[in-house]
Amino acid sequence: MTTLAADWKEIHKLEGAELRKAVFGVVQRASQLLQASEADDPTVLEAVPRLVELMGSRPDELASFKELISALARASGLWNYIDRESADATDALIAEAVTADELGGVTFHREQIIALNTLLSGKNLILSAPTSFGKSMLIDALLATRRYERVAIVLPTIALLDEFRRRLLSRFNGAFQLVMHPSEKAGAGPVVFLGTQERLIHRDDLGYLDLTVVDEFYKLDPSRKDERSVTLNAAVYRLLKRSKQFFFLGPNIDNVAVSADARWRFEFLKTRFSTVAVDTIDLQDIPNKRQRLIDEIGEDTNWPALVFVSSPDRANELAAEVAEQMAISDYSSDFAEWLAENIGPNGLLSRSVHFGFGIHHGRTPRAVAARMVRMFNEQKLPVLFCTSTLIEGVNTAAKTVMIFDKKINRADYDFFTFSNIRGRAGRLGQHHVGQVFVFNEVPEHEELEVAPTVFGDDDDLPDEYIVYVEDREVSSRPDNRVRNLMQQLELDEAQLRLLSPVGIANAIRLREFAHAALADGGHLVWQGVPKYSQIKAALEVICRIQKPQTFGAWSVSQLAYYIEQLRRSRTLRKFLLDSDENYRGKPEGHDAIFKFLRACEYGLPQYFTALEVFVRQREPEVDYSLFIGSLSSWFRPEILKELDEEGVPVQIAERFYRNDDTKAMLLKGLETAIANDSDQLTAFETQWLNDVLFGR
């Protein structure tokens, strides 16, 4: 096994001639290993970021090594570390040749160039690379060539959609129309569709695509136990059918399984090439892990730090506990005050933020979560307690990751997930050397093969996926399965697709319960705006399939009550403040109301849609569409939800909304309020809107 055998902590303690001797020895040893090791060996590559970090802290003592370290960066392929001011002419020329001025002067490394050359030759590519590889930069580089006029990018979370949207807007300044929301329609010019699988699968304006990009492609494998896997595979199938080329990206995948008769061919590039180094601190054997976590959180040399925990309740609980013991920021009190006034003063969120601790998980409101990440990256919230929703999605500038728990949804994470969490430590250009504190046993390393349903044998495909397959010519069995389902459920193929999000097995049971409720005189027959009793009757059928807790409530009655209060509340702020005042559960679950709001967006609408399909079989005049559409937008104008996804909280935007405002009109109103220093905005809100609308 290749190793530098360098004690970097000891090297950092050296001075003068001893320091220079040690650095020369590292450079010499790394140069030798580059000739003998694999090109992507991280134990050798890490010498470059470590040396660059060391030089940054000791510029005078190590000035004479600048050219030598640039030469090592060139030889290793880490061309983005070449210092063109001090490098020799050849090394500087290489760095200049792989620098994209149109992307703000980004310099690519060797493995990025290999991937780009593969894609620009017209081949499909599946790339497996570490988190710090710079995979997203490849998408920007492809767009910058202007060879791709119509592009679809599939991303796992709405937060990541907005991150991409902001980056593409700043980089390409209107060269592409960016279509992210269901209400937006593509024009005739260059367009980039940004969407989760749930959004892209239903778009009717995709047309012909030059390129389809799928981020975090490992989620295509149903064995990863992601409940959205079927929809993702169906959406990707639909996109690939109309796309000239595809590019899948993900971390730490060893192989991709493909059936013998798979219709799509691709190159698979697996690399360990990383642009940062990571120190691992093993704390699994210490006696008081909780106290050690608190101690490490209090060390400013560890900031900015992500603390990974197993669940939202756990994140809330730990953040509140640490906030009781210390304050670590002078810049978060305004944010905490806003949270208290617009979400509620009684929960743990505002108090934790007041003392400098952010919380980021699946229940955190999107605009608030985006603000958390921005303030974290600016080190105004130096510590962020998070779950896997952050680890798998939004990019952060974390120096340190503290992996305190070893579970996700009550199951131990595997080596693949551990590696992804670990990969969040360090950030090119900010923290060349990251740190990972490990509080539990590291899972045993095992090879990971991803088996996407979309690349599988037609005979083995799940029913929920098969209903989206438009040409089942490879085998008659899938076609027979669909016909059998249509006959069993008395539906056409389009109606079957409406059932796919809830699962065909669940849909079969839902049909039975719906018809039984109708026979008993259940209040399921309505149009337009339902009464409270009708909503509750529908929920009683739905919750025979899914427990109310799935939708953020403890009972059917509470779930119906939440929906009724949400649609009757004049503002979202009032709904949240009322919920905050009336909450009587455990403190760490105080924000569970946001689980209900997420269920209103996705979950409840899909079940109401499936229920409507079956009720209409007996009562054709039934029409739930107005209610379903209103529910998914929290009974607010759709543009308020769209702006929330783009970082403007509903609580601010709803103050300025006037009936029949378009999104452009509302944005203009917000911009005018900023320019006129409106008394409807606090100074903190003005800065928030400035950051979101103008990037400043």
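This chain uses plain numbering: 1 for the first residue, then up along the sequence.
- Under the rule for a salt bridge (charged side-chain N to carboxylate O under 4.0 Å, His left out), the partners of R165 that lie at least two apart in sequence or sit in another chain are D162, E646.
- In this pair, F627 and F608 present their aromatic rings perpendicular. The plane angle is above 60°, beyond the 30 to 60° band.
- By the salt bridge (charged side-chain N to carboxylate O under 4.0 Å, His left out) test, R171 is found to be paired with D140, residues two or more places apart in sequence or in another chain being considered.
- For the salt bridge (charged side-chain N to carboxylate O under 4.0 Å, His left out) test, no residue two or more places apart in sequence or in another chain qualifies with E654.
- Ring pair F176/F172 is perpendicular by interplanar angle, where above 60° counts as perpendicular and below 30° as parallel.
- Ionic pairing of R290 and E321 is present here: one or more N-O contacts between side-chain nitrogen and carboxylate oxygen are shorter than 4.0 angstrom.
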Query raised in the report: Taking it one step at a time, do R422 and T280 satisfy side-chain hydrogen bond (donor to acceptor under 3.5 Å, both in side chains)?
Result: CA-CA 9 Å; R422 182 179 184 273; T280 301; 3.2 Å; yes

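- Counting only residues at least two apart or on different chains, no ring-ring contact (aromatic ring centres under 6.0 Å, His included) pair has a member in residues 354-375.
- By the side-chain hydrogen bond (donor to acceptor under 3.5 Å, both in side chains) test, T571 is found to be paired with no residue, residues two or more places apart in sequence or in another chain being considered.
- The list of ring-ring contact (aromatic ring centres under 6.0 Å, His included) pairs with a residue in residues 580-601, not counting sequence neighbours, reads Y562-F596, Y583-H590.
- By the side-chain contact (heavy atoms from CB on, under 4.5 Å) test, D205 pairs with K185, A186, F193, R203, sequence neighbours left out.
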Got a list of side-chain donor-acceptor pairs under 3.5 Å for residues 379-386, not counting sequence neighbours?
none

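- Taking R351 as the reference, E324 meet the side-chain hydrogen bond (donor to acceptor under 3.5 Å, both in side chains) condition, with sequence neighbours excluded.
- Take E685 and apply the salt bridge (charged side-chain N to carboxylate O under 4.0 Å, His left out) test, not counting sequence neighbours, and it matches R655.
- Listed by first and then second residue, the side chain to side chain donor-acceptor pair (under 3.5 Å) pairs that reach into residues 668-680 come to none, sequence neighbours excluded.
- Every residue two or more places apart in sequence or in another chain that forms a side-chain hydrogen bond (donor to acceptor under 3.5 Å, both in side chains) with E564 is listed here: R567, R568.
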